[in-house]
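Numbers here simply count residues along the sequence, with the first being 1.
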Amino acid sequence: MNEQSEMDFGVFATAAANHARRRNAPPQPDRDGLFDAEGVTIIAGRRQCAVEVGSELFADIQFKETKIRVTAIAPGKWDPVSILSACTRAHGGKVFEVDYATATPTNPGGVDELRIATIIGADGIKPYLSKKSRYAAGELGRWAPLQRPTEIEYIRSFRRQPAGKPTWAFRTLLWGHGGSRTSDYRVRRSLRALEDAGLLSIQLGPRSGMATAKCTWTARAYLAPARLAPADEEALGALAP
């Protein structure tokens, strides 16, 4: 999903995920990217979490004996990051917040990389490295494990990635590198989180499977167009014939 608008992600799903998707389609956010109480219930339910909406200001998300309270960002409206974070913590997982001081987004194809990173981080997938990587990467996106130093020796451009660079799973998601290794569960989980948040559209194949499915970024996944200052707009208007 770099310059092309869609890509075959048939290796990213399991039979159980396809069955759950058919029975319980992802909710649709409003124009601000927020979800109502029904959307919270659907997103949490896709992660085996129960939801108890106390009022328009808060909801409790529970998995087994662990209950996490989620505060609405507006009356009756919840942010997808807080929903996913609550589900992750209820399962005993760790939420990865984006370190804006070290992250170096490149926004491939015009997508909002930091927004995507925030979503998958809330779902428990680390988007950026917190220390130097265990792999080496080249300028063209090729990868080489450090367990094969003889190969790296012949490819002088390969270097270990510093902190703040995308992790292997996040880079695979954004650029589509990795070949058959993209069956990694972290990539599949990231796709599910992005679909739930309304940043990705997954269109199943003719047999309701992922073998021929297409994943397409939605308009919400892209960076907003730059807006000119009022003075600049006035100047452009004066130049118009």
Side-chain angles (χ1 to χ4, degrees), residues 9 11-30 32-100 103 114-131 134 166-170 172-173 183-200 202 204 210 215 220:
F9 283 100
V11 295
F12 289 168
T14 63
N18 293 339
H19 180 69
R21 186 177 291 112
R22 286 193 299 269
R23 288 175 54 88
N24 196 7
Q28 294 298 320
D30 62 12
D32 297 319
L34 304 177
F35 294 89
D36 57 13
E38 182 181 1
V40 176
T41 302
I42 294 176
I43 294 176
R46 287 161 71 92
R47 287 157 181 79
Q48 297 81 48
C49 292
V51 177
E52 181 181 350
V53 180
S55 68
E56 291 187 342
L57 300 178
F58 70 89
D60 292 325
I61 295 179
Q62 182 173 358
F63 177 74
K64 294 184 177 179
E65 302 300 324
T66 305
K67 181 182 294 186
I68 306 294
R69 174 155 293 187
V70 182
T71 303
I73 197 171
K77 300 293 182 180
W78 284 266
D79 178 62
V81 174
S82 61
I83 302 171
L84 295 172
S85 298
C87 293
T88 302
R89 292 191 173 98
H91 279 270
K94 181 179 180 181
V95 173
F96 295 95
E97 298 181 355
V98 175
D99 186 354
Y100 295 96
L114 291 180
R115 176 180 293 184
I116 296 171
T118 303
I119 292 295
I120 69 171
D123 202 42
I125 302 298
K126 181 186 290 187
Y128 294 105
L129 296 167
S130 57
K131 58 183 179 180
R134 297 180 181 178
T167 59
W168 185 92
F170 189 35
T172 299
L173 172 69
S183 58
D184 191 294
Y185 81 95
R186 293 168 296 179
V187 180
R188 298 195 306 268
R189 181 169 172 177
S190 298
L191 289 171
R192 181 183 65 174
L194 293 170
E195 181 190 35
D196 289 342
L199 302 185
L200 189 74
I202 299 180
L204 298 177
M210 289 294 288
C215 291
R220 190 171 285 106

Exercise. Would you say Ser190's side chain and Ile120's backbone share a donor-acceptor pair under 3.5 angstrom?
Worked result: no
Seminar exercise, completed: Taking every heavy atom of Ala197 against every heavy atom of Ile119, the minimum-distance pair comes out as CB-CD1, 3.8 Å
Problem set entry | Side-chain heavy-atom pair His91, Cys49 within 4.5 angstrom cut-off | yes
Exercise. Which pair of heavy atoms, one from Phe35 and one from Pro27, lies closest together, and at what distance?
Worked result: CE2-CG, 3.6 Å
Problem set entry | Shortest non-hydrogen contact between Ala90 and Ile68, atoms and distance | N-CG1, 4.0 Å
Problem set entry | For Asp99, side chain to side chain donor-acceptor pair (under 3.5 Å) partners two or more places apart | Thr102
Problem set entry | Spacing of Arg46 atom CZ and Thr41 atom OG1 [to the nearest 0.5 Å] | 13.5 Å
Exercise. Tell me the ring pair (Phe, Tyr, Trp, His ring centres under 6.0 Å) pairs involving residues 41-61, sequence neighbours left out?
Worked result: none
For this session: Nearest 0.5 Å please: distance from the CG atom of Leu84 over to the CZ atom of Arg192.
Result: 9.0 Å
Problem set entry | Closest contact, heavy atoms only, Ile61 versus Ala44 | CG2-CB, 4.3 Å
Seminar exercise, completed: For Arg220, the salt bridge (Lys or Arg N to Asp or Glu O under 4.0 Å) test, sequence neighbours excluded, returns none
Exercise. Side chains of Ile125 and Phe170: closer than 4.5 Å at any heavy-atom pair?
Worked result: no
Seminar exercise, completed: So salt bridge (charged side-chain N to carboxylate O under 4.0 Å, His left out) across residues 82-98, not counting sequence neighbours, yields none
For this session: Sorted by first residue and then second, give each side-chain hydrogen bond (donor to acceptor under 3.5 Å, both in side chains) pair with at least one member in residues 61-83; sequence neighbours left out.
Result: Asp60-Arg69
Problem set entry | Spacing of Leu200 atom CG and Ile116 atom CD1 [to the nearest 0.5 Å] | 8.5 Å
Exercise. Which side-chain hydrogen bond (donor to acceptor under 3.5 Å, both in side chains) pairs, counting each pair once, include a residue from residues 114-131, with sequence neighbours left out?
Worked result: Arg47-Asp123, Glu113-Tyr128, Asp123-Arg189
For this session: Spell out, as yes or no, whether a donor-acceptor pair under 3.5 Å connects the side chain of Asp30 to the backbone of Asp32.
Result: yes
For this session: Begin from the C-alpha positions of Ile42 and Asp196 and carry the test side-chain contact (heavy atoms from CB on, under 4.5 Å) through to its verdict.
Result: CA-CA 9 Å; Ile42 294 176; Asp196 289 342; over 6 Å; no
Exercise. With side chains defined as the heavy atoms from C-beta onward, is the minimum distance between Phe96 and Pro127 less than 4.5 Å?
Worked result: yes
For this session: Begin with the C-alpha distance, continue with both residues' side-chain angles, and end with the deciding distance and a verdict on side-chain contact (heavy atoms from CB on, under 4.5 Å) for Val40 and Val53.
Result: CA-CA 9 Å; Val40 176; Val53 180; 5.9 Å; no
